[in-house]
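One structure is given below, encoded as structure tokens.
Keep in mind that the numbers below use all heavy atoms, side chains included, and drop hydrogens, waters and symmetry copies. Note that the structure is predicted; figures quoted are calculated from it, not measured.
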Amino acid sequence: MAVKKGNMVRAIREKLENSLEAKASDSRFPSYLFETQGEVVDIKGDYALVKFGRVPTPNIWLKLEQLEEFV
């Protein structure tokens, strides 16, 4: 199923940790990316802007392939 605006998602650890983005910056990702749900608030091309509302963090752009629906 494709990720859409408004979906609740979480990051897929294996796809994020081995990504080009991880190699270009700090690869120590916070656990909330993988353990809590975030809401897709915008999509541009291959990227989704995700808002993690239960923790006080900034929104983050992640590749669509690095996300899965949070059930």
Side-chain angles (χ1 to χ4, degrees):
M1 178 177 248
V3 174
K4 300 178 205 163
K5 188 174 178 180
N7 283 150
M8 301 308 283
V9 296
R10 67 176 165 200
I12 302 169
R13 184 179 301 273
E14 296 78 24
K15 291 190 177 184
L16 186 57
E17 288 180 340
N18 297 318
S19 68
L20 179 62
E21 294 85 359
K23 293 175 184 173
S25 62
D26 189 351
S27 61
R28 297 173 294 166
F29 293 105
S31 61
Y32 69 83
L33 291 176
F34 312 107
E35 298 169 0
T36 64
Q37 64 183 358
E39 179 183 0
V40 176
V41 294
D42 196 9
I43 295 178
K44 293 202 189 254
D46 293 336
Y47 290 85
L49 181 62
V50 182
K51 173 184 171 186
F52 289 91
R54 298 204 183 263
V55 291
T57 60
N59 298 347
I60 183 172
W61 286 97
L62 295 169
K63 277 189 136 179
L64 292 170
E65 68 184 28
Q66 298 166 341
L67 299 171
E68 65 183 356
E69 279 198 80
F70 191 94
V71 182

Open item on the list: Please report the interatomic distance CZ(Phe52) to OG1(Thr36), rounded to the nearest 0.5 Å.
Closed with: 5.5 Å
Task: Partner set under salt bridge (charged side-chain N to carboxylate O under 4.0 Å, His left out) for Glu68, not counting sequence neighbours - done: Arg10
TODO: Verify, without hydrogens or angle tests, whether Asn7 (side chain) and Lys4 (backbone) share a donor-acceptor contact under 3.5 angstrom.
DONE: yes
Task: Side-chain touch Val9/Phe70, heavy atoms, less than 4.5 angstrom - done: no
Open item on the list: Would you compute the distance between atom OG of Ser19 and atom CD of Glu14 and round it to the nearest 0.5 angstrom?
Closed with: 12.0 Å
Open item on the list: Do Leu33 and Met8 sit in one hydrophobic cluster, given that two such residues count as connected whenever their side-chain heavy atoms are within less than 4.5 Å of each other, even indirectly?
Closed with: no
Task: With sequence neighbours excluded, residues passing salt bridge (charged side-chain N to carboxylate O under 4.0 Å, His left out) with Glu65 - done: none
- [ ] With side-chain contact (heavy atoms from CB on, under 4.5 Å) as the test, would you mind laying out the steps for Leu62 and Leu16 before giving the verdict?
- [x] CA-CA 8 Å; Leu62 295 169; Leu16 186 57; 3.9 Å; yes
Using residues 38-49 as the side-chain source, report each donor-acceptor pair under 3.5 Å to any protein atom, sequence neighbours left out, with the distance given to one decimal.
residue : atom : partner : partner atom : Å
Tyr47   : OH   : Glu21   : OE2          : 3.0

Task: Gln66 (side chain) donor-acceptor with Lys63 (main chain) under 3.5 angstrom - done: yes
Open item on the list: Starting from Ile12 and following side-chain heavy-atom contacts under 4.5 Å between hydrophobic residues (I, L, V, M, F, W, Y), which residues can be reached?
Closed with: none
- [ ] Might you point out which heavy atoms bring Ala11 and Phe34 nearest each other, and give the distance in Å?
- [x] O-CD2, 3.4 Å
- [ ] Enter the distance from Arg13:CZ to Asn18:CG here, rounded to the nearest 0.5 Å.
- [x] 11.0 Å
